[in-house]
J.: 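One structure is given below, represented as structure tokens, and several questions about it will come after.
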Amino acid sequence: MHDLKQLRDNLDHIRTTLGRRGNDVQWSDIQQLSEQRRTITTQVEQLRFELNKGSEEVARLRRAKEPADTAMAAMKQVGDRIKDAEGTLRTVEEALSDVALRIPNLPHASVPVGADASENIEVRRWGTIPSFSYSPKPHWDIGEHLGILDFDRAAKIAGARFSVMTGAGARLERALINYMLDRHTTQHGYREVITPLMVNRSTMTGTGQLPKFEEDLFRLKDEDYFLIPTAEVPVTNLHREEILSGDRLPLRYTAYTPCFRREAGSYGKDTRGLIRLHQFNKVELVAFTTPDRSYEELERLTAHAESILQNLNLPYRVMALCSGDMGFSAAKTYDLEVWLPSQQQYREISSCSNFESFQARRASIKYRPAGGKKDAKADFVHTLNGSGLAVGRTVVAILENFQQPDGSVEIPPVLHPYMGGVERIEKE
RNA sequence: GGAGAGGUGGCCGAGUGGCCGAAGGCAGCGGUUUGCUAAACCGCCGUAGGGACAAAAUCUCUACCGAGGGUUCAAAUCCCUCCCUCUCCGCCA
């Protein structure tokens, strides 16, 4: 969310900078509602001042055993006027915050300007694309042939866009989760955390999923709980409504969670395989920093996610998302895209973003600067997160990139200890 | 699910209608004292929004005692609803 004062004073600038991303914002309402809020607030405060003074006068008269009826009657009227004005104020504030909570974040100056994914900029590329003497198979063929993926039974017990993994497939998924967590906790300094997988409305609002994207979320029928679409949600909200001490920053967390997404509006896309599911596993990285160090942190965090791909020897590229392709809450985003031989293209496997103070403002996460100054004012932290990595898509990349002509799949060496020594998945 | 007790500042804890943004203590910050440390003593010590000032310091107004309503001239205090925590009983991995 934007600072309301900033919003009022720089409305046109914000609107211009957002461009197409601000198309569905009710800009005209903001101006009007802000003005109303200002005048009514002043009015209410003046009335309250009058009421407070009047009530003190009543108290004084009564102590002096003097009649207070006139003053009481007058204050009764003031009280009624306050009640009226407060009613309007509440309506105005609710309307204003509803509009304001639907305004996306502003892109950082370094973000390329563009309309859609075609204008994203490739930052770097890593690894060697494997060559095959035959047409490389898609991962669902490989997985079903090996007997480790079972989409038919997944559809039977749940429906479309679910998966069942068995045997070495399930073991591979679990190996990846453990490997990623171990690496981030022991090599990169993240604290592991396990959180609830369903959260309340305030939490979803804090990170920006609500109010605008409710249709993307699974919601429980009889409770106001939502299934998390990413661990970013519960982990970032760990510190909602807190003031952190500056010398503890940056705080870095990593969490493995399943993620649940409705995937509304993606009918027909990636209907086969593990790419786009209603439920998938992800290891997430989350960081809280001071504003002056958040872009440095974004590079670090992205490198941490990259290191997983490098150690698995999976070829990938890093894309700087253009302004038109970035998510709602992000100020800057790098996508990591892994090479998928069967599709002959790079596909997203991680998304690393700096949200600057956008989420911190919504969730009220502040820090008090460290170092002496007693009057140092609390300020909003910057929050970041990135996938480190999407586990299912990593399985896809392994199956496809390391498939062998005989239908087996080589397991990257760093995973061998996590696979109980298994170096290759073969048909049972 | 049933019965009961609670939610007050960074923490502990007083406060049952007005002089309470809130005693006292701890922690923190600044200072005095001190060979050093400690102790003692003095002062400061919440968040947010508005106004005055060119700005800072400062002054001032408003709100906030879990959340939202209500009663009242006046609510931390009384009433209602909700959320959360704790204790006991039941059920349960």
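The model shown is predicted, which means the values in this text are computed figures rather than measured ones. By convention in this document, chain letters (A, B, ...) are assigned in the order of the sequence lines, proteins followed by strands, and residues within each chain are numbered from 1.
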J.: Taking atom C1' in both B:U16 and B:G31, what distance in whole Å separates the two?
T.: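 Comparing C1' positions in B:U16 and B:G31 gives a spacing of 41 Å.
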J.: Between B:G18, B:U62, B:G51, which nucleotide gets closest to the side-chain atoms of A:Glu45?
T.: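 That would be B:U62.
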J.: Before accepting this row, confirm whether a basic side-chain N of the pair A:Glu214/A:Arg219 lies closer than 4.0 Å to the acidic partner's carboxylate O.
T.: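 A salt bridge is present here (some side-chain N lies under 4.0 Å from a carboxylate O).
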J.: Calculate the interatomic distance between A:Arg240 atom CZ and B:A67 atom C1'; express it in whole Å.
T.: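 Spelled out: CZ on A:Arg240 to C1' on B:A67 is 13 Å.
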J.: Is the shortest distance from a Lys or Arg side-chain nitrogen in A:Arg252 or A:Glu297 to a carboxylate oxygen in the other one below 4.0 Å?
T.: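 Yes, this pair counts.
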J.: For B:A52, give its Watson-Crick or G-U wobble partner with both distances under 3.5 Å, or none.
T.: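 The answer is B:U58, by the H-bond criterion.
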J.: Once you apply the 3.5 Å cut-off to both distances, tell me the Watson-Crick or G-U wobble partner of B:A23, or none.
T.: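 Across any shown strand, B:A23 pairs with none.
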J.: Could you tell me whether A:Asp152 and A:Lys156 make a salt bridge, using a distance below 4.0 angstrom between a side-chain N and a carboxylate O?
T.: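 No, A:Asp152 and A:Lys156 are not salt-bridged.
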J.: Please give, in whole Å, the distance from B:A75 C1' to A:Leu51 CG?
T.: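 After rounding, the reported distance stands at 12 Å.
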J.: With both distances kept under 3.5 Å, what pairs with B:C65, Watson-Crick or G-U wobble?
T.: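 B:C65 is paired with nothing.
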J.: Can you check the A:Asn200 CG to B:C82 P distance for me, whole Å?
T.: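 The answer, rounded to whole Å, is 18 Å.
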J.: For B:C73, does OP1 or OP2 lie under 4.0 Å from any side-chain N or O of A:Arg62?
T.: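 Looking at the OP1 and OP2 atoms of B:C73, neither is under 4.0 Å from any side-chain N or O of A:Arg62.
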J.: Indicate, with a heavy-atom threshold strictly under 4.0 Å, whether A:Lys53 touches base, sugar-phosphate, or nothing.
T.: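 It contacts nothing in the nucleic acid.
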J.: Charged N to carboxylate O under 4.0 angstrom, A:Asp150 versus A:Arg153?
T.: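 Yes, charged N to carboxylate O under 4.0 Å.
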J.: Choose from B:U72, B:U62, B:G51 the nucleotide whose nearest atom is closest to any side-chain atom of A:Lys76.
T.: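 It is B:U72.
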J.: What's the gap between B:C19 and B:C64 when it is taken at their P atoms, as a whole Å value?
T.: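 Each nucleotide's P atom is 14 Å from the other's.
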J.: Any idea which of B:G46, B:U62, B:G18 is nearest the A:Phe49 side chain?
T.: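 So the nucleotide nearest the side chain must be B:U62.
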J.: I need the CD-P distance between A:Glu50 and B:A63, as an integer number of Å.
T.: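 In whole Å, B:A63 P and A:Glu50 CD are 13 Å from each other.
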J.: Which listed nucleotide (B:G50, B:G18, B:C84) is nearest to the side chain of A:Tyr225?
T.: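 Nearest to the side-chain atoms of A:Tyr225, counting from C-beta on, is B:C84.
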J.: Sort out the partner of B:C36 for me: Watson-Crick or G-U wobble, both distances under 3.5 Å, none otherwise.
T.: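 WC or wobble partner does not exist here.
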J.: Under a 3.5 Å cut-off for both contacts, is B:A3 paired Watson-Crick or G-U wobble with anything, and if yes, with which nucleotide?
T.: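 Paired with B:U87.
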J.: Using the C1' atoms only, state how far B:G15 lies from B:G7, rounded to an integer number of Å.
T.: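 Looking at atom C1' only, B:G7 and B:G15 are 15 Å apart.
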J.: Applying salt bridge (Lys or Arg N to Asp or Glu O under 4.0 Å) to A:Arg276 and A:Glu263, what does each step give before you reach the verdict?
T.: CA-CA 8 Å; A:Arg276 190 175 298 277; A:Glu263 295 296 344; 3.3 Å; yes
J.: Sticking with atom P, work out how far B:G28 lies from B:G49, rounded to a whole angstrom.
T.: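 Taking atom P in both B:G28 and B:G49, they lie 29 Å apart.
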J.: May I ask you to verify if any side-chain N or O of A:Lys366 is less than 4.0 angstrom from the OP1 or OP2 atom of B:A48?
T.: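 For A:Lys366, the contact criterion (side-chain N or O under 4.0 Å from OP1 or OP2 of B:A48) is met.
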J.: Using heavy-atom distances to pick each residue's nearest nucleotide on RNA chain B, tell me which of A:Ala73 and A:Val44 is more 5'.
T.: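 Looking at the nearest nucleotide for each, A:Val44 comes out on the 5' side.
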J.: Suppose we define a pair by two distances each less than 3.5 Å, Watson-Crick or G-U wobble; what does B:G43 pair with here?
T.: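 With both distances under 3.5 Å, B:G43 matches B:C29.
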J.: If you compare every side-chain N and O of A:Lys83 against the phosphate oxygens of B:U71 (OP1, OP2), does one of them come in below 4.0 Å?
T.: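 The answer is yes; a side-chain N or O of A:Lys83 sits under 4.0 Å from OP1 or OP2.
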J.: So, are A:Lys366 and A:Glu241 salt-bridged, with charged N and O less than 4.0 Å apart?
T.: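 Answer for the salt bridge query: no.
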J.: Would you give me the side-chain donor-acceptor pairs under 3.5 Å for residues 58-69 of chain A, sequence neighbours excluded?
T.:
from: A:Arg60; atom 1: NE; to: A:Glu57; atom 2: OE1; distance (Å): 3.3
from: A:Arg60; atom 1: NH2; to: A:Glu57; atom 2: OE2; distance (Å): 3.0

J.: Could you tell me how far B:A14 sits from B:C78 if I compare only their P atoms? Round to whole Å.
T.: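 Looking at atom P only, B:C78 and B:A14 are 16 Å apart.
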J.: Establish, with yes or no, whether the OP1 or OP2 oxygen of B:G50 is under 4.0 angstrom from a side-chain nitrogen or oxygen of A:Arg48.
T.: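 So the side-chain polar atoms of A:Arg48 never come under 4.0 Å of the phosphate oxygens OP1 or OP2 of B:G50.
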J.: Looking at A:Glu410 and A:Arg424, does any basic side-chain N land under 4.0 Å from a carboxylate oxygen?
T.: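 Here A:Glu410 pairs with A:Arg424 in a salt bridge, since their nearest N and O are under 4.0 Å apart.
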J.: What distance, rounded to whole Å, do you find between the two P atoms, one in B:G69 and one in B:A76?
T.: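 Nearest-Å result for B:G69 against B:A76 at atom P: 15 Å.
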J.: Paired with B:C73 by Watson-Crick or G-U wobble geometry, both distances under 3.5 Å: which nucleotide is it?
T.: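 For B:C73, the partner nucleotide comes out as B:G18, under the 3.5 Å rule.
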J.: Considering every strand shown, what is the Watson-Crick or G-U wobble mate of B:A93 when both distances are under 3.5 Å?
T.: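 For B:A93, the partner nucleotide comes out as none, under the 3.5 Å rule.
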J.: Taking only the C1' atom of each, what is the distance from B:U33 to B:A38 in whole angstrom?
T.: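 Pairwise C1' distance, B:U33 against B:A38, rounds to 13 Å.
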J.: To the nearest Å, give me how far apart CE (A:Met75) and P (B:A75) are.
T.: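 Computing the A:Met75:CE to B:A75:P distance gives 13 Å.
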J.: Could you state the atom-to-atom distance from CZ of A:Arg8 to P of B:G50 in whole Å?
T.: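 Value for this atom pair: 7 Å.
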J.: Students often get this wrong, so: under 4.0 angstrom with heavy atoms, is A:Met72 touching a base, only sugar-phosphate, or nothing?
T.: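 Base contact.
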J.: Quote, to the nearest angstrom, the P distance that separates B:U85 from B:G66.
T.: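 Here B:U85 and B:G66 have their P atoms 16 Å from each other.
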J.: Could you tell me whether the phosphate oxygens of B:C19, OP1 or OP2, come under 4.0 Å of any side-chain nitrogen or oxygen in A:Arg60?
T.: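 So the side-chain polar atoms of A:Arg60 never come under 4.0 Å of the phosphate oxygens OP1 or OP2 of B:C19.
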J.: Taking the side chain of A:Asn52 as its heavy atoms from C-beta onward, which of B:U62, B:G46, B:G18 lies nearest to it?
T.: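 Within the option list, the nearest is B:U62.
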J.: With heavy atoms under 4.0 Å as the rule, sort A:Arg90 into base, sugar-phosphate or nothing.
T.: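 Answer is sugar-phosphate: A:Arg90 comes under 4.0 Å of backbone atoms only.
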